[in-house]
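Computed from a predicted structure; not experimentally measured. Letters A, B, ... are given to chains in the order of the sequence lines, protein chains preceding strands, and every chain is numbered from 1.
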Amino acid sequence: MTGWPVSNKFLSSKKQYTGIAVQLVFLLVCGIAWQWYATSRNIMGFPPLDVIVSHLVDSFTSPRQPILVYMAHSFLLIVEGMFIGAVAAVILSGLSVLNNVIGAIYKLLISIFDLLPGVALLPILMITIGANDMSILILVIHSVLWPMSRYIMDGFRMIPKTYIEVGKNFGLGMYRMLVDVYIPASFANVLSGLKVGWARAWRGLISAEMIFGAAQSAGIGVYINNARTIWLDYPGVYGAIFLIILVGVIVEYGFFHVIECRTVKKWGMIK
Amino acid sequence: MSDILSIVDLTKQYASPRGKAGVLNNLNLTVGKSEFVCILGPSGCGKSTLLRCIAGFEDYQGEIVCNGHKVKKPSIDRMMVFQDYNQLFPWKTVEDNIKYALKLRGEKDSDALARKVEELLHNVGLYEYRKFYPHELSGGMKQRVAISRARAINPEIVLMDEPFAALDAITRNRLQWNLYEISRREKVTVMFVTHNIQEAITLGSRVLIMNSNGEIVVDEQNPLQQPVRPSTPGYGELWDRYSRILQGEEG
Ligand SMILES: Nc1ncnc2c1ncn2[C@@H]1O[C@H](COP(=O)(O)OP(=O)(O)OP(=O)(O)O)[C@@H](O)[C@H]1O
Ligand SMILES: [Mg+2]
């Protein structure tokens, strides 16, 4: 009760800036090394950065389909799949808490499918559904659903007993208990699950597109394949890979990090 | 004085293989409206167990009736305040934690909600902190908010399990007075478990002492003139008597 309330959220920002500065310098050094090596050796499959970048810029407005159209195709697919997978994970994990029979079965399913790489499912999907976007969507859902469910269920198990007893003391029904206590109390795990799911889905999707090839899909994986085999545009291969990394970084910092700051960090539930 | 809580032949044993012996054996107790019952007893004698049975967190043998209803599961009629500092929902601000409780009682109007939050937080001197998240508060502040949240529920009986045990002496004193004032003004019914004789004498209108077999060995109205201070006549003698009983029970 002494003094005025002051929030201390800016205290850690100096440390944060140092970290970013170190990372930028590191990237710069790597870039210089790359540029030096590529220009001095002049290997066909290892173009200098400026060539890669100028090809990438050109490919934004290329007369063949612009690269961003490929990227958008992949991205929409993954967003759709992640949404379905995440909602399913929350619902199914919730049901598992409410009902022991469902819980037992679902735990078994998680331990079976979480270990199965999505790409290993591709042959079956190709036979049954065909080499099309629907197969990729299912693969994305598969990549998100199981790890996320595992994280959520672990999170539910780790919720401090007191929160649950407070919820019971409030006389909350099962639904309110899930929405008002279980999910926010394990939100750090929900987010971790989402991150792991995203990483697996993004890799799985690009692998699948590259395996399917040009005819069936129009995503960024296909672009890489085409650049190598049809257009013989090696800087284009690198450009597409850079773009994939860039999207990953943007999702990590622009989406996950922001959500984390606005929820579990703000709530003091993680550092 | 009408009874709000009546306990008949309460027996409780935990299912663990080691603890076959009962924690509570045929315990009988009635608590009247607006009584402030302080419960003292050696560690492990079953004070928390008693509160948890009343709250409805444990199954038991015998009968616990609160306000005419047999206790079968937790309910907002019997609100528990835990010793654990982390009982507020960390994902809600101080204000929203209390609003949540008010809404459970059916309050929907946003002006009325804001007014009640203001009143409850002013009472514990934390209105300036309404926008803070629990992790930005000290332990004592969190406990005050937890008490306010329990009051927002407006239960028949508030069950407090050593809510101030981990606080320093000065904070503890301040919180005791705060609670004393609120409880006498609002005439809430409280069962308050503590290790601390001073706390029991200061807060309680009635004092229970349990022995290590989970039996009630002292059950009496607080004989001292309220509000009780260390300088109140008879304070030292009462403190001594309780202390001797407790030491006897522990030895
Ligand atoms: N969940 C449990 N399972 C098994 N035994 C338990 C459980 N909870 C408590 N006990 C036992 O019941 C007895 C009473 O415990 P309780 O927590 O009620 O004591 P207490 O009077 O509150 O002690 P303290 O003052 O230390 O908090 C103890 O012997 C303890 O070992
Ligand atoms: Mg206890």
Problem set entry | B/Tyr180 atom OH: more than 12 heavy-atom contacts under 6.0 Å | yes
For this session: Determine whether A/Lys161 and B/Asp84 make a side-chain contact, defined as any pair of heavy atoms from C-beta on separated by less than 4.5 Å.
Result: no
For this session: Heavy-atom distances under 4.5 Å only: say whether B/Leu137 touches chain A with side chain, backbone, both or neither.
Result: neither
Exercise. Does A/Asn169 reach the main-chain N or O of B/Ala55 with its side chain, forming a donor-acceptor pair under 3.5 Å?
Worked result: no
For this session: State whether the number of non-hydrogen atoms from other residues, nucleotides or ligands found under 6.0 Å of A/Arg203 atom CZ is greater than 12.
Result: no
For this session: Could you pull out the closest heavy-atom pair between B/Pro90 and A/Trp267, with the gap in Å?
Result: O-CB, 3.4 Å
For this session: Answer yes or no: are there more than 12 heavy-atom neighbours, outside B/Ile170 itself, under 6.0 Å from its atom CD1?
Result: no
Exercise. Which is it for A/Val264 and B/Trp91 under the side-chain contact (heavy atoms from CB on, under 4.5 Å) test, yes or no, and what are the steps along the way?
Worked result: CA-CA 8 Å; A/Val264 283; B/Trp91 53 91; over 6 Å; no
Exercise. Stepwise, does the side-chain contact (heavy atoms from CB on, under 4.5 Å) test hold for A/Met269 with B/His135?
Worked result: CA-CA 8 Å; A/Met269 292 171 82; B/His135 76 102; over 6 Å; no
Exercise. How about B/Asp168: does its CG atom have over 12 heavy atoms from other parts shown lying under 6.0 Å from it?
Worked result: yes
Exercise. Under 6.0 Å from the CZ atom of A/Phe83, do we count more than 12 heavy atoms belonging to anything else shown?
Worked result: no
Problem set entry | A/Lys168 NZ to B/Phe57 CZ distance, which is reported to the nearest 0.5 Å | 7.5 Å
Exercise. More than 12 foreign heavy atoms under 6.0 Å from NZ of B/Lys70: is that the case here?
Worked result: yes
Exercise. Given a strict heavy-atom distance threshold of 4.5 Å, which part of B/Arg52 is in contact with chain A: side chain, backbone, both, or neither?
Worked result: side chain
Problem set entry | Which portion of B/Arg149 sits near chain A, non-hydrogen atoms under 4.5 angstrom | side chain
Exercise. With distance as the sole criterion, is a donor-acceptor pair present between the side chains of A/Asp180 and B/Tyr100 under 3.5 Å?
Worked result: yes
Exercise. Quick check: are there more than 12 heavy atoms from other residues, nucleotides or ligands sitting under 6.0 Å from CZ of A/Arg262?
Worked result: no
For this session: Could you look at A/Pro184 and say if it's the side chain, the backbone, both or neither that has a heavy atom under 4.5 Å from chain B?
Result: both
Exercise. Should the ring pair B/Phe89 and A/Phe170 be called parallel, tilted or perpendicular, given that the plane angle runs from 0 to 90° and is split at 30 and 60?
Worked result: perpendicular
Exercise. Are the side chains of A/Leu172 and B/Leu104 in touch, meaning some heavy atoms are under 4.5 Å apart?
Worked result: yes
Problem set entry | Greatest number of heavy atom pairs closer than 4.5 Å to chain A - which of B/Met80, B/Met79, B/Gln87 | B/Met79
